[in-house]
Amino acid sequence: MWKEARAMGKTLIITQCSKRKKLIELFNISVSVLDVLRETRENLVRGRKYFEKYVYGSKPITALSLYDGVLYRELDKKLVYDKFLSGEIDFIIVSAAYGIVHAFEKIREYELRMNMEVAKIWLKIGLPKVLGEYIIRTNADRVYGFFTKTSYYAKIYRSIDHMLSNYGIEAYLVMPKNARFFNSLKTLGSCIMSLIEHGSLDKCGNVKILKLNT
């Protein structure tokens, strides 16, 4: 499946969205995951249509600009942008309303939490397959998923495990050891920046790193 897409790739960062949002556009760019997908494109479109009733914003802005929670306030968003443009990294966000979005994909405000019911719907729609196809088609060599320990985002991410085993793609799940939710998100944001700045997680403490496809 999708073997023709494999070539030398880059580091793909995947993380969760945030409830807090800020309507200030930071980037003059628009990148959509829909442009990459073939086999699973309709799955993602179907899911987005199902949850569109929770989308109320009238002004589409890039996802990395929109999300403004604790995790995202730890990011140097300009550096993320520069590293993306240079081809060193790619950045995907798992969203309750949109399924997965590119960091530089234009989306609108919404109010929806990734609870058990929402996660079950996305799993039934096939969101892990969507994410798996995106990873393979964009030639990611290493994939790092940054999620809070008990989140349903992490469950969706872990479901890609079996899809990557035939492609030689290293996939990791990074979870904070912190018990408090606020500190957990802060840790994740700091670790993402450590990966972007240093190319590894060697300087990222207080996290548990699991290799998925072993």
Hey, could you give me the [atom1]/[atom2] distance between [X] and [Y], rounded to the nearest 0.5 Å?
X	Y	atom1	atom2	answer
Glu133	Thr138	CD	OG1	10.0 Å
Leu44	Ile125	CG	CD1	9.0 Å
His102	Asp35	NE2	CG	10.5 Å
Asn206	Cys191	CG	SG	8.0 Å
Ile107	Ser30	CD1	OG	11.0 Å
Tyr67	Ser18	OH	OG	7.0 Å

For [X] and [Y], work out which heavy atoms get closest and say how close.
X	Y	result
Ser184	Thr148	CB-CG2, 4.1 Å
Ile89	Val80	CD1-O, 3.9 Å
Cys17	Ala96	SG-N, 4.1 Å
Gly132	Ile160	N-CG2, 4.3 Å
Lys77	Leu26	CD-CD1, 3.8 Å
Ala103	Ile93	CA-CD1, 4.1 Å

Looking at side-chain heavy atoms only, is the closest gap between [X] and [Y] below 4.5 Å?
X	Y	value
Leu210	Met175	yes
Lys149	Lys208	no
Leu37	Arg137	no
Leu123	Ile156	yes
Val130	Ile100	yes
Ile13	Ile92	no
Tyr144	Leu173	no
Ile169	Asp141	no

Original post:
Quick one: ring-ring contact (aromatic ring centres under 6.0 Å, His included) pairs with a partner in residues 14-45, sequence neighbours left out?
Top reply: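 Qualifying pairs, neighbours excluded: Phe27-Tyr81, Phe27-Phe104.
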Subject >> Asn28 atom CG: more than 12 heavy-atom contacts under 6.0 Å >> reply: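 Atom CG in Asn28 is not packed in, count stays at 12 or less.
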Subject >> Lys/Arg N to Asp/Glu carboxylate O, Lys186 vs Glu74, below 4.0 Å >> reply: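 Result for this pair is yes, salt bridge flagged.
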**OP:** Indicate yes or no: does Asp68 engage Lys21 in a salt bridge with an N to O separation below 4.0 Å.
**Re:**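 Here Asp68 does not pair with Lys21 in a salt bridge, since their nearest N and O are not under 4.0 Å apart.
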Original post:
What pairs meet the salt bridge (Lys or Arg N to Asp or Glu O under 4.0 Å) rule with one or both residues in residues 101-112, with sequence neighbours excluded?
Top reply: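 Found Glu25-Lys106, Arg48-Glu105.
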Return yes if some donor-acceptor pair links the side-chain N/O of [X] with the main-chain N/O of [Y] below 3.5 Å, else return no.
X	Y	value
Lys19	Arg113	no
Thr15	Phe146	yes
Ser151	Ala154	yes

Subject >> Verdict with supporting geometry, Trp122 and Phe51, ring pair (Phe, Tyr, Trp, His ring centres under 6.0 Å) >> reply: CA-CA 10 Å; Trp122 276 118; Phe51 289 111; 5.4 Å; yes
Original post:
Quick one: does NZ or CZ of Lys53 land under 6.0 Å from the six-membered ring centre of Tyr50, within 45 degrees of the ring axis?
Top reply: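 Yes, cation above the ring, under 6.0 Å and within 45°.
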**OP:** Assess whether side chain to side chain contact (heavy atoms under 4.5 Å, CB included) is satisfied between Tyr72 and Leu64, documenting all intermediate values.
**Re:** CA-CA 8 Å; Tyr72 289 89; Leu64 189 59; 4.0 Å; yes
Original post:
Can you check salt bridge (charged side-chain N to carboxylate O under 4.0 Å, His left out) on Lys83 and Glu88, steps first, answer last?
Top reply: CA-CA 5 Å; Lys83 292 287 188 178; Glu88 296 177 60; 3.2 Å; yes
**OP:** I would like to know whether Arg142 and Leu12 meet side chain to side chain contact (heavy atoms under 4.5 Å, CB included); could you show each step before the answer?
**Re:** CA-CA 6 Å; Arg142 293 180 302 161; Leu12 173 61; over 6 Å; no
**OP:** List the steps, then state whether side chain to side chain contact (heavy atoms under 4.5 Å, CB included) holds for Lys59 with Ile61.
**Re:** CA-CA 6 Å; Lys59 179 183 178 183; Ile61 65 174; 4.0 Å; yes
Subject >> Verify same cluster id: Leu112, Tyr56 (apolar side-chain graph, 4.5 Å) >> reply: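 No; tracing contacts between hydrophobic side chains, which count when under 4.5 Å, never links both residues.
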Original post:
Do Val118 and Met116 share a hydrophobic cluster, counting only Ile, Leu, Val, Met, Phe, Trp and Tyr and linking them when any side-chain heavy atoms are less than 4.5 Å apart?
Top reply: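 Linked, Val118 and Met116 end up in one cluster.
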Original post:
Taking it one step at a time, do Lys49 and Glu42 satisfy salt bridge (charged side-chain N to carboxylate O under 4.0 Å, His left out)?
Top reply: CA-CA 10 Å; Lys49 286 182 178 178; Glu42 290 307 311; over 6 Å; no
**OP:** Could you go through the side chain to side chain contact (heavy atoms under 4.5 Å, CB included) check for Val207 and Thr187 one step at a time?
**Re:** CA-CA 8 Å; Val207 296; Thr187 296; 3.5 Å; yes
**OP:** Please name the residue in the list Leu195, Val143, Ile196 that meets the side chain to side chain contact (heavy atoms under 4.5 Å, CB included) test with Thr11.
**Re:**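 Of Leu195, Val143, Ile196, side chain to side chain contact (heavy atoms under 4.5 Å, CB included) with Thr11 is met by Leu195 alone.
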Original post:
So, for Phe147 and Tyr157, is the gap between ring centers shorter than 6.0 Å?
Top reply: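 Judged by ring-centre distance (under 6.0 Å), Phe147 and Tyr157 do meet the cut-off.
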Original post:
Under 6.0 Å between the ring centres of Tyr110 and Tyr54?
Top reply: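 No.
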Subject >> side-chain hydrogen bond (donor to acceptor under 3.5 Å, both in side chains) evaluation trace for Ser65 with Thr62 >> reply: CA-CA 5 Å; Ser65 299; Thr62 53; 2.7 Å; yes
